[in-house]
J.: 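One structure, pasted below without further comment.
Both ligands and their constituent atoms are indexed starting at 1 by order of listing.
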Amino acid sequence: MSNALDTRPVTGWTGNSDYFVIREYDEFVPEAVLDVLDGRVAGVMFRGMVPLDVCKNISQRFWDSPDRKTRGVEAPGYYLGAYTWNKPTAQYLDESAEANPILRELLDVPGDPMKVFYDGLNRVLAERGAVVRPSLHEGRESCVALLRSWHGRGQFALEPHDDDSQCSDPQMADYERNEVFGKPVAALNICLENEGGGGRLAFWNVQPDEESKRRLGVQYTGSPYPVETLEGFDAQWVEVGTGDVYVFNGAHVHAVEPNTTEQQTRTTLAAMMAFKDDHNVVTWS
Ligand SMILES: O=C(O)CCC(=O)C(=O)O
C-alpha cells in the first residue's frame, strides 16, 4: 500500500459571485464586519485604516521586544502572543496569561488599532444586544492578539490552510471557543508593515468538507492543503498594504505570498472571532 498523500482536489462549499468578494472600503465601517460574521460576504477590506505612524510605532515595538519568539516549520516566522493551533486548552491559556500583559503594554500606544476596531464592533453589536469579548475557560481569558511576521520562502510564506478546523480540535473540547464550530470564523488582520512587492493574501473560494479534511489529515488543524488540492477553485490575490485592516471568513482556504525580497518584512496584528450565540462574539488568537 502507498503512503503517498492523495492530492485530488478537495470538495466543499463554494460561494456565489455576490458572496465571494473582498468588499473594499476607504474607512472603517464596523457594520461591514457583521456581514462577514453573519456569512453574507467572504471578506471586507478597510484600506489605510491605521495611520502610518501608529503602524510604525507598534511594529518597532514588536521587533525591539525581548519577548518576540520564533515559530517553527508549520508557520516559519516571528511572533508575540499565544496561538491555539494544535494545543490543549490549558497550555494555550497558560501561554495567554503570560503574553497578555506583554501585549497590553506593547499596544498601549495612541491610536491602538485593536481598541479602535473592537470599540466600533461593540457599538454595532450593541444594537443587536450582543458584545465582542475574549473567549473564556473557567474564568481564564484567551490571548488578546497575535503579532507576527511570516518568513517562509517557498511558494507561500504561510501555507494554504483554514481557520475553522481547529475549532473542532478535541484537545480544546472543553474550551468556550470550540462552541463556534460551524459558524463563520472571522479572521482579523491589521497590516503594520508590508512595503515593496508581494505579501498578498491568497484566498480560495472553497470551504473544504469534512471528508476532504480527513483525507488530507487536517481535520483538526486545517493545515496544510497542498496547492494541487485547490485546483479548479477561483482564487483572489488580495493586495495588502501598511495600515490596511481586513477581515475574512477563515473557513475558506487561504495562504500568504512571500515578499519579493528576503529583506522585506510583512508584519500583522491579528485575532479571530465568531458568534458563539446570538449575544456573544468571542475572540481568540
Ligand atoms: O496574514 C494574513 O494575511 C493571513 C494570516 C493567516 O492566514 C493566519 O494567521 O491564519
J.: Students should be able to answer this: which protein heavy-atom is nearest to atom 3 (O) of ligand 1, and at what distance?
T.: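 Here the nearest protein heavy atom works out to Tyr246 OH, 2.6 Å.
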
J.: Would you mind reporting whether Ile22 and Gln236 have side-chain heavy atoms less than 4.5 Å apart?
T.: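 Side-chain contact under 4.5 Å: yes.
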
J.: Taking only heavy atoms of Val256 into account, list the atoms of ligand 1 that are under 4.0 Å away from them.
T.: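 Checking each atom against Val256, I get 1 (O), 2 (C), 3 (O), 4 (C).
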
J.: With a 3.5 Å cut-off and no angle check, do the side chains of His252 and Asp163 form a donor-acceptor pair?
T.: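 Result is no, nothing qualifies.
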
J.: Less than 4.0 Å between a side-chain N and a carboxylate O, is that true for Lys87 and Glu95?
T.: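 Between Lys87 and Glu95 there is a salt bridge, with a charged N closer than 4.0 Å to a carboxylate O.
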
J.: Identify which one of Arg104, Arg133, Arg177 satisfies the salt bridge (charged side-chain N to carboxylate O under 4.0 Å, His left out) criterion when paired with Glu141.
T.: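 Considering Arg104, Arg133, Arg177, a salt bridge (charged side-chain N to carboxylate O under 4.0 Å, His left out) with Glu141 is found only for Arg104.
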
J.: Which heavy atom of the protein is the closest neighbour of atom 8 (C) of ligand 1, given with residue, atom name and distance?
T.: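 Answer for atom 8 (C) of ligand 1: His161 NE2, 3.6 Å.
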
J.: For Asn100 and Cys143, which heavy atoms make the closest approach, and how far apart are they?
T.: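 So the minimum-distance heavy-atom pair works out to OD1-CA, 3.4 Å.
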
J.: Do any heavy atoms of Val240 fall under 4.0 Å from ligand 1?
T.: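 So Val240 does not count as touching ligand 1.
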
J.: As an exercise, identify every atom of ligand 1 less than 4.0 angstrom from a heavy atom of Trp150.
T.: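 So the answer, numbered in order with elements, is 1 (O), 5 (C), 9 (O).
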
J.: Which atoms from ligand 1 have a heavy atom of Asn189 less than 4.0 Å away?
T.: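 Taking each heavy atom of Asn189 in turn, ligand 1 has 1 (O), 2 (C), 4 (C), 5 (C) under 4.0 Å.
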
J.: Have a look at ligand 1 and work out which part of Leu146, if any, has a heavy atom under 4.0 Å from it: side chain, backbone, both or neither.
T.: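 No part of Leu146 is near ligand 1 at this cut-off.
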
J.: State the CZ-CG distance between Phe181 and Asp164, to the nearest 0.5 angstrom.
T.: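 So the CZ of Phe181 and the CG of Asp164 are separated by 5.5 Å.
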
J.: I need the nearest protein heavy-atom contact for atom 9 (O) of ligand 1: residue, atom name and distance, please.
T.: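 The closest heavy atom on the protein side is Arg148 NH1, 2.7 Å.
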
J.: Does Val54 reach the side chain of Pro113, with side-chain heavy atoms less than 4.5 Å apart?
T.: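 Yes - at least one pair of side-chain heavy atoms lies under 4.5 Å apart.
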
J.: Please state which protein non-hydrogen atom is closest to atom 1 (O) of ligand 1 and give its distance, to 0.1 Å?
T.: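 Nearest neighbour among protein heavy atoms for atom 1 (O) of ligand 1, to 0.1 Å: Arg266 NH1, 2.8 Å.
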
J.: Check for me whether Met272 has a heavy atom closer than 4.0 Å to any atom of ligand 1.
T.: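 No, that is not the case, since the closest heavy atom of the residue is not under 4.0 Å from the ligand.
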
J.: Quick one: look at Asp163 and ligand 1, take heavy-atom pairs under 4.0 Å, and tell me if it's side chain, backbone, both or neither.
T.: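 Asp163 to ligand 1: side-chain contact only, backbone stays beyond 4.0 Å.
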
J.: Would a line drawn from the ring center of His254 to the ring center of Phe248 be shorter than 6.0 Å?
T.: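 Yes.
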
J.: For atom 6 (C) of ligand 1, grab the closest protein heavy atom and report residue, atom and distance to one decimal in Å.
T.: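 Ranked first by proximity to atom 6 (C) of ligand 1 is Leu158 CD2, 3.5 Å.
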
